Number of protein chains: 2
Amino acid sequence: MLVRINTAPRKPVDGQLAVLAGERMFCSEFRYRRGSEIFGEGEEPEYVYQIISGAVRTYKLLPDGRRQINAFHLPGDMFGFENETTHRFTAEAIVETNVHLMRRTSILETVRYGGAGTKDLIRFVTQNLQHAESHMLLLGRKTSLERVTAFLLEMDERLQRPDVMILPMNRRDIADYLGLTLETVSRALSILRDEGLLRFDGNTQRRLELVDRGALARIDA
Amino acid sequence: MLVRINTAPRKPVDGQLAVLAGERMFCSEFRYRRGSEIFGEGEEPEYVYQIISGAVRTYKLLPDGRRQINAFHLPGDMFGFENETTHRFTAEAIVETNVHLMRRTSILETVRYGGAGTKDLIRFVTQNLQHAESHMLLLGRKTSLERVTAFLLEMDERLQRPDVMILPMNRRDIADYLGLTLETVSRALSILRDEGLLRFDGNTQRRLELVDRGALARIDA
DNA sequence: ATTCTTGTTTGATCTCGATCAATAAGCCGT
DNA sequence: ACGGCTTATTGATCGAGATCAAACAAGAAT
């Protein structure tokens, strides 16, 4: 029997960025090592990025080091667009990551001249906003078990429900995304495992299999 | 000595909506009673709103009634724009509220035909996103005292630092905005009062005066 | 004024998730 | 394979904020 795992990107990678800027736009490629910074909060935005392979986290820090991850970006996803003169958060490669990048000014020109990409740009920003709004509900009002379950279902969907899900991020990243500690994330995963809703696959804790998506969906209020 | 309070709107109310749609656009007026719903989550979006006077809360609910308020809207603010076919949250008047409203389709047409309002629309959505991103940091990582302080400073700024700030929303609204309970909000306010950073003005708890904005800013990490 | 309702504060106690701590399990390079 | 390092799990304890509860204050209606 064939087991689908999410090692290879499953979304078409050509889409959004090209649409946004018009097909003939120059689009170079770049590779970031695991853990390296792609851009920092407060820096001037030069490029817009689309992930070819790998994974990226974007986050904000408080002065004392507390971290809130806004979003994880997976193959096919765009990130880094700014309307202002500074980046509002930091972006880092979670694993070795290949991206397409394109000058931000190219995209702004598209908008200025009423290009076809304008609607897509509005849709892109709106989708980010939509994600942020549901994440506020999670952060403000959900329990730890609900948060972890919501995270699993979000990743499951974005990876197109693979049989075995390979998470690129560690427990601390998940915790900083969900407003929890890594211990609480680990405990919640253990509970879900003990109740038979998911399985850790083989001998590594980053591969997991959602056994009962229905029951998980019922937990995520 | 003249004491500035925020009973009257201080921002020009003409701005955004008119710019967005073009000056000649038809723009009617409407009044909502205290507590009444302006639109509900899941409904089809018909209008975009700009507040003339009053205040509005927008929120999401979980099935069991837990509520997360995304944002408060004050005189001059626009809200209710949707790119999708349904509203992503509910909007209610907090107090008696007068709005300008304009058909959503008019605004979408402006974008379709590459109107001057397109850039403003992108800026509008981006500002919402920006607010949501910093609110995620608050909800995920700040303490109750930091949250309440951040709320006070946010309102202070949006009301243009009046000498006496009149909050239109009650403690429960503030709590549901900050991911806390109303008791915790009340306790935090009492702490700030006891430490001399703010005063309750006269005999009502909704009027307050920020005595030491510097100290408040230092608390809000 | 008086009553009713709604909103706010304050206190007592509880609980969920944080913190502290130890162990275990992978991963990587040699 | 081995050792060194990072990541994850699990247990014990703590504490910030929730919950439960009561008293109090402020409007609004009569």
Side-chain angles (χ1 to χ4, degrees), chain A residues 33-35 57 62 64-68 94-96 138-152 166-194 198-208 219 221, chain B residues 33-35 55 57 62 64-68 94-96 138-149 151-152 166-194 198-208 219 221:
Chain A
R33 287 196 315 282
R34 172 186 141 88
R57 59 182 168 241
L62 289 175
D64 64 359
R66 282 173 284 172
R67 183 177 70 157
Q68 178 62 42
I94 298 176
V95 293
E96 179 164 295
L138 178 147
L139 292 171
R141 289 300 178 219
K142 291 188 181 178
T143 67
S144 62
L145 197 64
E146 288 167 350
R147 293 180 202 208
V148 171
T149 304
F151 166 77
L152 291 172
I166 302 182
L167 298 175
M169 69 290 284
N170 63 26
R171 301 291 190 256
R172 171 170 297 280
D173 288 334
I174 299 173
D176 285 351
Y177 178 59
L178 299 178
L180 300 170
T181 60
L182 63 93
E183 293 93 333
T184 299
V185 170
S186 180
R187 278 184 240 274
L189 289 172
S190 297
I191 289 171
L192 295 173
R193 167 181 36 75
D194 294 347
L198 65 83
R199 261 199 288 272
F200 290 98
D201 188 70
N203 48 8
T204 180
Q205 300 101 327
R206 302 250 190 120
R207 289 163 171 256
L208 40 89
I219 289 176
Chain B
R33 286 196 314 281
R34 172 185 141 87
R57 59 184 168 239
L62 289 174
D64 65 357
R66 282 173 284 173
R67 183 177 70 157
Q68 178 62 42
I94 297 175
V95 293
E96 178 165 295
L138 178 147
L139 293 170
R141 288 298 179 222
K142 291 189 182 179
T143 67
S144 62
L145 197 64
E146 288 167 350
R147 292 180 202 209
V148 171
T149 304
F151 166 76
L152 291 172
I166 302 181
L167 298 175
M169 68 291 284
N170 64 24
R171 300 290 189 255
R172 171 170 298 280
D173 287 335
I174 299 173
D176 285 351
Y177 179 59
L178 298 178
L180 300 169
T181 60
L182 64 93
E183 293 94 332
T184 299
V185 170
S186 179
R187 278 184 241 273
L189 289 171
S190 297
I191 289 171
L192 295 173
R193 166 179 39 75
D194 293 348
L198 65 83
R199 261 199 289 271
F200 290 99
D201 188 68
N203 48 7
T204 180
Q205 300 103 325
R206 302 254 189 115
R207 290 164 169 256
L208 40 89
I219 289 176

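The sequence lines fix the lettering, A, B, ..., with proteins before strands; numbering per chain opens at 1. Everything numeric in this text was worked out from a predicted model, so none of it was measured.
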So for A:Arg206 and C:dG26, does any side-chain atom that can act as donor or acceptor lie under 3.5 Å from a complementary atom in the base? no
If I take atom CZ in residue B:Arg34 and atom C1' in nucleotide C:dT5, what distance separates them, rounded to the nearest angstrom? 11 Å
Stepwise side-chain contact (heavy atoms from CB on, under 4.5 Å) check, B:Arg171 with B:Leu189: CA-CA 10 Å; B:Arg171 300 290 189 255; B:Leu189 289 171; 3.5 Å; yes
When we call it a touch if two heavy atoms are under 4.0 Å apart, what does B:Arg147 touch: a base, just sugar-phosphate, or nothing? nothing
Between A:Arg187 (CZ) and D:dT10 (P), how many Å, whole number? 9 Å
Can you check whether A:Ser144 has a side-chain N or O nearer than 4.0 Å to OP1 or OP2 of C:dG17? yes
Hey, does A:Thr181 reach any base, or is it just sugar-phosphate, or nothing, if we go heavy atoms under 4.0 Å? base
Checking A:Arg193 against A:Ser190: is there a side-chain donor and acceptor pair closer than 3.5 Å? yes
Could you tell me the separation between the CG atom of A:Leu145 and the C1' atom of C:dT15, rounded to a whole number of Å? 16 Å
Pick the closest DNA chain C nucleotide for A:Gln205 and for A:Val185 by heavy atoms, then say which residue is nearer the 5' end. A:Val185
Please test B:Arg66 against B:Asp64 for salt bridge (charged side-chain N to carboxylate O under 4.0 Å, His left out), starting from the C-alpha separation and ending with a verdict. CA-CA 6 Å; B:Arg66 282 173 284 173; B:Asp64 65 357; 3.1 Å; yes
Interatomic distance, A:Arg171 CZ vs C:dC27 P [rounded to whole Å]: 12 Å
From CD of B:Glu183 across to P of D:dC20 the rounded distance in Å is 10 Å
Do the side-chain N or O atoms of B:Ser186 get closer than 4.0 angstrom to the phosphate oxygens (OP1, OP2) of C:dT8? no
Starting at atom CG of A:Leu182, determine the distance to atom P of C:dA22, rounded to an integer number of angstrom. 17 Å
Rounded to the nearest Å, what distance is computed from the NZ atom of residue B:Lys142 to the C1' atom of nucleotide D:dA16? 18 Å
Would one find a side-chain N or O of A:Arg193 under 4.0 angstrom from OP1 or OP2 of D:dT10? yes
For B:Thr204 and D:dA25, is the shortest distance between a side-chain N/O and OP1 or OP2 below 4.0 Å? no
Using a heavy-atom cut-off of 4.0 Å across all strands, would you classify B:Gly35 as base, sugar-phosphate, or nothing? nothing
Looking at C:dT10, I'd like to know if its phosphate oxygens (OP1 or OP2) sit under 4.0 Å from a side-chain N or O belonging to B:Ser190. yes
Expressed as a whole number of angstroms, how long is the span from B:Glu96:CD to D:dA28:P? 12 Å
Taking A:Thr204 for its side chain and A:Arg207 for its backbone only, find out whether a donor-acceptor pair lies under 3.5 Å. no
Is there a donor-acceptor pair closer than 3.5 Å between any side-chain N or O of A:Arg172 and the backbone N or O of A:Leu182? no
